[in-house]
Amino acid sequence: MKDLIESKWEDILSLLETQYDISSIMINTWIRSLKIYEVKDNTVYFYVDEKLGENAVKFLRRKEFDLFLLSSIRETLNDSNIEIIIDEKKNFISEDEKKNEELNSDSYKEAISRSNLNPKYTFETFIVGDGNKHAHATCLAVADMPAQDNFNPLFLYGNSGLGKTHLMQAIAHYILQKDENINVLYVPSEVFTNEIIEAIRNHTTSDFREKYRKVDVLLLDDVQFLIGKESTQNEFFHTFNSLYNDKKQIILSSDKPPKEIKTLDQRIISRFECGVPIDIHEPDYETRMAILRNKAEMDHLKGIPDEVFSYIAENITTNVRELEGALNKIGVFSKLMNESVTLETAKESLKDIINKDNIVSITPELIVKTVSEHMNISVEDICSKKRSQDIATARQIVMYLCRKYTVLALKSIGNAVGGKDHATVINGITRTEERLTSDPAFKATVDTIIKKLNPKN
């Protein structure tokens, strides 16, 4: 039951927004952070973060959010027997706390150090949103059952700063949490390339092969930089084949899909494509807000107003690393100036990062206009009741982009395209997301529209 609710959590939260008209801000602030302690006798025990404490529990009950959440869970799982209890974390003996004790053991620390892993890059600290949920689900599957034919190699690709390294290392952490003795190795491609070059130069290729061909899980980051002489790529090719033939898990990342990496031999690219290429997209507004809140919590940055998170999330839209960097800078600036964080101090500290002259405000009107011009369909038709395929497709793209690039609720998105209802908007967004993963030509069209929305991004 616990795993089922966690797997349906985004659907449950979506139902809260659509069925009970609870804003995404309220959901992200008060409900998304709820954690399941245990499920016993059909009762789900949630706890709130200790930093929110008793006030959060009282607020959830006063606003009847606990009742709305219960109804959403029952409806999503089609089970009317479920009950829930929400309380403070201190009133439970958290499974997470037990797990933390295990992860703080000397043997586990040694395992992650030996594997070159960042201790923070786990599934627990990864924020899942529309842009990365497919990659996240695939990585979980690989972590649970590594070296399965359908998932080997796993190839993650997407622009810089979207969390590829985090997801890769989360797989490694998960595997080591189950067995610390598994030989896991994470390495950036530049390091891998340099080691090959040095091994060839110093006639120590046997040592190199001993190191890399005996690993159980190899994580190679940024393979687009895996360049060099023919002998370098040849050594990598044979290393890859050796691991693959021995049923060892290979996990790769790049800023582009395999077929677009021009610096690699075709035989290497074909090996990359024999597994699962999974792309990661830019985070939407809700995901960016969740990332910022999570980062603030992990770094113990207290007292940051929601309007500051919103200011960052609205203006830094394509790079998770830049989001977190902006929040770090605000924290440092606040300490140096000995001032509490306000929207004004945030704008001052980020003025060299967020330059309003370089930012195009993406509004529903701009989205409708851009889609209209690119697809040669009038604004009137997009906002009409016409249902021809080309008009419906344009309308669904508008809904998807409004959801991705604005903070509008579903009802407001429907109003932007002629007064469509919640169900129509959800259906339009879902259809667009499905086509983006299955129709390359359609994805290229949407990507072009996105570039036209903000060419400076």
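Considering Val217, Val215, Leu219 in turn, Val215 is the only one that fulfils the side-chain contact (heavy atoms from CB on, under 4.5 Å) rule with Leu185.
Side-chain contact between Leu301 and Lys295 is absent, with no heavy atoms from C-beta onward closer than 4.5 Å. Side-chain contact check for Ile450 versus Tyr405: some heavy-atom pair is nearer than 4.5 Å. Annotation: side chain of His173 is in contact with side chain of Tyr108 (closest heavy-atom distance under 4.5 Å). When side chains are defined from C-beta on, Asn118 does not count as touching Thr165, because their heavy atoms never get closer than 4.5 Å. For the pair Tyr157 and Leu252, the minimum side-chain heavy-atom distance is 4.5 Å or more. You'll find the side chain of Arg403 reaches within 4.5 Å of the side chain of Ile413, heavy atoms only. Using a 4.5 Å cut-off on side-chain heavy atoms (C-beta onward), Lys248 and Leu218 make no contact. Counting only heavy atoms from C-beta outward, the side chains of Cys139 and Leu154 approach each other to under 4.5 Å.
With hydrogens and angles ignored, the 3.5 Å screen pairs a side-chain donor or acceptor of Asn132 with a backbone N or O of Gly129. Side chain of Asp87 to backbone of Val57: no donor-acceptor contact under 3.5 angstrom is found. Between the side chain of Asn183 and the backbone N or O of Asp216, no donor-acceptor pair lies under 3.5 Å. For the pair Asp179 (side chain) and Asn181 (backbone), a donor-acceptor distance under 3.5 Å is present. A donor-acceptor pair under 3.5 Å is formed between the side chain of Thr370 and the backbone N or O of Leu366. Of the possible donor and acceptor atoms, one in the side chain of Ser115 sits under 3.5 Å from a partner among the backbone N and O of Val184. When atom types are taken as modelled, the side chain of Asn319 and the backbone of Arg321 share a donor-acceptor pair closer than 3.5 angstrom. Remark: the backbone N or O of Arg387 is not paired with any side-chain donor or acceptor of Arg395 at under 3.5 angstrom. Of the possible polar contacts, none joining the Gln396 side chain to the Thr432 backbone as a donor-acceptor pair under 3.5 Å is found. When atom types are taken as modelled, the side chain of Ser71 and the backbone of Leu67 share a donor-acceptor pair closer than 3.5 angstrom.
Checking Ser14 against Asp11 by side-chain atom types alone, no donor-acceptor pair falls below 3.5 Å. A side-chain donor-acceptor contact under 3.5 Å links Thr125 and His166. Looking only at atom types and distance, the side chain of Thr430 has no donor-acceptor partner in the side chain of Asn427 under 3.5 Å away. A side-chain donor from one of Tyr186 and Asp221 sits under 3.5 Å from a side-chain acceptor of the other. Side-chain contact of Glu83 with Thr43: a donor-acceptor pair under 3.5 Å is absent, judged by distance alone.
Within 6.0 Å of atom CZ in Arg431, 12 or fewer heavy atoms from other residues, nucleotides or ligands are found, so the atom counts as exposed in its surroundings. Remark: Lys411 NZ is loosely packed, at most 12 non-hydrogen atoms of other residues, nucleotides or ligands lying under 6.0 Å away. More than 12 heavy atoms of other shown residues, nucleotides or ligands fall within 6.0 angstrom of atom NZ in Lys178. Atom NZ of Lys329 has more than 12 neighbouring heavy atoms from other residues, nucleotides or ligands inside a 6.0 Å radius. The environment of NZ in Lys214 is sparse: at most 12 heavy-atom neighbours from other residues, nucleotides or ligands sit within 6.0 Å.
Glu180 approaches Ser107 most closely through the heavy-atom pair OE1-OG, 2.8 Å. Of all non-hydrogen atoms in Ala409 and Glu17, the two that sit nearest each other are CA-OE2, 4.2 Å. Minimum interatomic distance between Arg288 and Pro283 (heavy atoms only, all atoms of both residues): NH1-O, 2.8 Å. The two residues Cys383 and Lys420 come nearest to each other via the heavy atoms O-NZ, 4.0 Å. Heavy-atom minimum distance, Phe309 versus Leu292: O-CD1, 3.4 Å.
Under the 4.0 Å criterion applied to side-chain N and carboxylate O atoms, Arg74 and Asp79 are not assigned as salt-bridge partners. Ion pair Lys164/Asp255 not flagged as a salt bridge, since none of the NZ, NE, NH1 or NH2 atoms sits closer than 4.0 Å to an Asp/Glu carboxylate oxygen. The pair Lys120-Glu324 fails the salt-bridge criterion, with no side-chain N (NZ, NE, NH1 or NH2) lying under 4.0 Å from an Asp/Glu carboxylate O. By the 4.0 Å N-to-carboxylate-O rule, Arg32 lies close enough to Glu10 to be salt-bridged with it.
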Could you walk me through whether Asp421 and Thr424 pass the side-chain hydrogen bond (donor to acceptor under 3.5 Å, both in side chains) check?
CA-CA 5 Å; Asp421 59 25; Thr424 302; 2.6 Å; yes

Show the numbers, then the answer: is there a side-chain hydrogen bond (donor to acceptor under 3.5 Å, both in side chains) between Ser412 and Asn415?
CA-CA 5 Å; Ser412 298; Asn415 291 336; 4.9 Å; no

With side-chain contact (heavy atoms from CB on, under 4.5 Å) as the criterion, how do Ile312 and Leu350 come out once you've worked through the C-alpha distance, each side chain's angles and the decisive distance to 0.1 Å?
CA-CA 9 Å; Ile312 300 172; Leu350 299 178; 3.9 Å; yes

Please walk me through it: do Phe46 and Trp30 pass ring pair (Phe, Tyr, Trp, His ring centres under 6.0 Å)?
CA-CA 12 Å; Phe46 288 96; Trp30 298 102; over 10 Å; no

Yes or no on side-chain contact (heavy atoms from CB on, under 4.5 Å) for Thr406 and Tyr285, after CA distance, side-chain angles and deciding distance?
CA-CA 7 Å; Thr406 75; Tyr285 174 79; over 6 Å; no

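Put simply, CD1 on Ile397 and CE on Met375 are 4.0 Å apart, with the number rounded to the nearest 0.5 Å. Once rounded to the nearest 0.5 Å, the distance linking CG of Asp222 with CE of Met168 reads 8.5 Å. We find the NZ-OH distance between Lys2 and Tyr45 to be 14.0 Å, quoted to the nearest 0.5 Å. Rounding to the nearest 0.5 angstrom, the gap separating the OH atom in Tyr212 from the OG atom in Ser242 is 14.0 Å.
Between His136 and Phe123, the ring-plane angle classifies as perpendicular under the 30° and 60° cut-offs.
By the side chain to side chain donor-acceptor pair (under 3.5 Å) test, Glu322 is found to be paired with no residue, residues two or more places apart in sequence or in another chain being considered. The ring pair (Phe, Tyr, Trp, His ring centres under 6.0 Å) search around Phe151 returns none, not counting sequence neighbours.
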Solution key, residues 275-282 side-chain donor-acceptor pairs under 3.5 Å, sequence neighbours excluded:
residue: Asp279; atom: OD2; partner: His281; partner atom: NE2; Å: 3.1
residue: Glu282; atom: OE2; partner: Asn159; partner atom: ND2; Å: 3.0

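Cation-pi check for Arg271 over Phe240 is not met; the charged atom does not lie both under 6.0 angstrom from the ring centroid and within 45 degrees of its normal.
The distance between the ring centers of Phe272 and Phe155 falls below 6.0 angstrom.
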